[in-house]
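Please read the structure below before turning to the comments.
Just so you know, these numbers come straight off a predicted model, no measurement behind them.
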Amino acid sequence: MFEVKKLNIKINDRYIIKDFSLTLNSKDKLAIIGEEGNGKSTLLKSLLGICEYAEITGSINSKNYRIGYLKQSMTEEDINKKVYDFLFKDETDYYEKINKLYKNLDTINLNDDILNQTIATLSGGEKVKINILKLLLDEYDILFLDEPTNDLDIETLTWLENFIKNENKPIIYVSHDETLLSKTANMILHLEQIKKKTDCRHTLLKIDYDTYVEKRIKKIEKQSQVAKNEKTKFNKQQEKLKKVMQKVEYHQNTISRKDPHGARLLKKKMHSLKSVESKLNNVKLTEMPDVEENINFFFEKVEIPKTKQIIDLDIPVLKSEDKVLAQNIKLNIIGNTHTCIIGKNGTGKSTLIKIIYEQLKTRPDIKLGYMPQTYEDILNNYKNVLDFICPNSDKDQITKARMYLGNMKFTREEMNSEIKNLSNGTKAKLFLIKLVLDECNVLILDEPTRNVSPLSNPVIRKVLREYNGTIISVSHDRKYIEEVIDTLYILTKEGLTMVNNDKN
């Protein structure tokens with residue numbers, strides 16, 4: 001249904017992918033994974049023929065099939081439309097699709113009163129649902145989904161998993177949600193930037209995600225062990241040869257002129273040893289694997305008393321402008337608990353977390369760190385990377401910051417970059433570095449893992465799980481909830497209710 005041959009994509013002097021070929025058939029569910037900024041969205045746009053900033057060669061043949069495309073973000077024109085006008089061309093279009101509309105509204109947990117709302121007033125999750133709804137109504141033959149899970153509530157994530165898994169249409173999608181990847185993908189395309197981001201590599205396998213990760217880890221471990229063994233053996237051979245050559249050279253320097261025969265033998269021996277040395281130096285050893293996902297960061301000097309009162313919240317009515325979202329909000333958090341708030345899209349989780357931030361940010365007895373859902377809420381106040389994480393321009397702090405940036409796989413160019421040029425995933429890592437450098441002992445995190453690659457997220461979850469401070473967060477990431485969180489609340493119109501975190 002969709003065929004790609006010898007595709008090359010280049011941005012400025014950097015290749016995103018080289019010599020890529022693909023045949024996509026019905027029921028194929030191809031997940032594109034890779035680190036932030038490696039060109040996953042660029043590849044989708046290139047396959048659709050709408051990428052204007054890349055140099056593209058090769059053959060792409062969609063065979064006249066209709067392709068539906070879910071973008072990461074909406075245009076300003078669309079976001080100011082009413083939902084009705086975004087979904088339908090005219091009244092005739094509406095009447096043709098009305099039965100399908102109500103079936104799908106119910107499926108993705110939306111009410112028909114949303115049709116008269118302006119898209120800009122909707123929550124992030126509601127916007128994603130509306131875009132998915134449009135794809136379902138227009139009946140495309142192939143679907144391209146760029147981060148479809150962003151901001152979706154857990155109930156809708158479960159629906160999306162079943163939709164992708166059971167849909168007969170081929171689907172190509174980019175996602176950082178490991179649970180969704182595990183349950184839906186039957187093909188994996190892994191995009192990598194190697195050799196310190198000077199070259200690219202791609203791996204395409206018809207295989208499920210969990211098996212791919214398992215095989216990849218085993219392959220890396222095996223190659224690492226082989227490379228280590230070969231290097232050890234090589235070093236021993238070199239050391240042994242060096243000692244023999246030194247011995248022969250010593251005898252050459254001390255042999256008597258009265259023994260020309262012995263001198264010739266030593267010269268012949270040295271010639272033979274240099275031949276061995278030349279062959280040894282030309283041996284190609286197995287290289288240590290060049291991988292990207294080994295980010296490294298940790299919190300230091302962070303602790304908070306277990307009995308310390310962090311917040312005692314009592315909000316009779318939770319509002320967003322004039323809209324009532326929930327009532328009777330009560331939240332009491334003490335000590336180094338790791339708390340997460342879940343709930344359906346539009347219930348006011350991000351509004352609530354902003355209120356918590358506003359109440360805590362002036363507290364002198366805690367060191368507060370904040371990672372908003374919309375990064376630009378904070379990052380728009382800064383121009384460059386180092387302006388954000390080292391606002392005081394302290395020399396020692398800048399040196400430390402560069403070390404952490406390097407551990408997070410920032411290139412020298414990215415370290416000196418303007419923030420607006422970074423991908424969302426790279427911005428997420430920038431926030432994490434800021435939280436570490438500021439030695440924060442209370443973290444307010446709104447969807448902390450949603451833009452980070454599935455290969456880096458396990459490291460981030462481990463660090464947050466072992467964090468000795470307080471975490472107050474909103475998340476729909478089921479692995480984050482399972483591995484990091486010890487206190488779970490659900491937000492509904494009636495208020496906050498503590499629920500059992502059964503690790504499912």
Treating N336 as the side-chain partner and I304 as the backbone partner, does any N or O pair qualify as donor plus acceptor under 3.5 Å?
no
side-chain contact (heavy atoms from CB on, under 4.5 Å) filter on N345, not counting sequence neighbours, yields S123, E126, K129, L152, D153, T156, H476
Q. Is D146 salt-bridged to K40, going by a charged N under 4.0 Å from an acidic O?
A. no
Between K349 (side chain) and I341 (backbone), is there a donor-acceptor pair under 3.5 Å?
no
Sorted by chain and number, sequence neighbours left out, salt bridge (Lys or Arg N to Asp or Glu O under 4.0 Å) with E167 holds for none
Is a salt bridge present between E358 and K354, judged by a nitrogen-to-oxygen distance below 4.0 Å? no
Quiz item: Within the side chain of D208, is there an N or O that forms a donor-acceptor pair under 3.5 Å with the backbone of D210?
Solution: yes
Look at the aromatic rings of Y84 and Y94 and report parallel, tilted or perpendicular, splitting at 30° and 60°.
tilted
- prompt: For Y375 and N424, does a side-chain donor sit closer than 3.5 Å to a side-chain acceptor?
  reply: no
Does the pair K429/E414 count as a salt bridge with the N-to-O cut at 4.0 Å? no
Check your understanding: Sub-3.5 Å donor-acceptor pair from the side chain of S456 to the main-chain atoms of S453, do we have one?
Key -> no
* Asked: Counting distance only, does the side-chain N/O of H338 pair as donor-acceptor with the main-chain N or O of V484 below 3.5 Å?
  -> yes
Review point. Would you call K367 and E439 a salt bridge, taking side-chain N to carboxylate O under 4.0 Å as the test?
Key: no
**Asked** Should D365 and K308 count as an ion pair when the cut-off is N to O under 4.0 Å?
**Response** yes
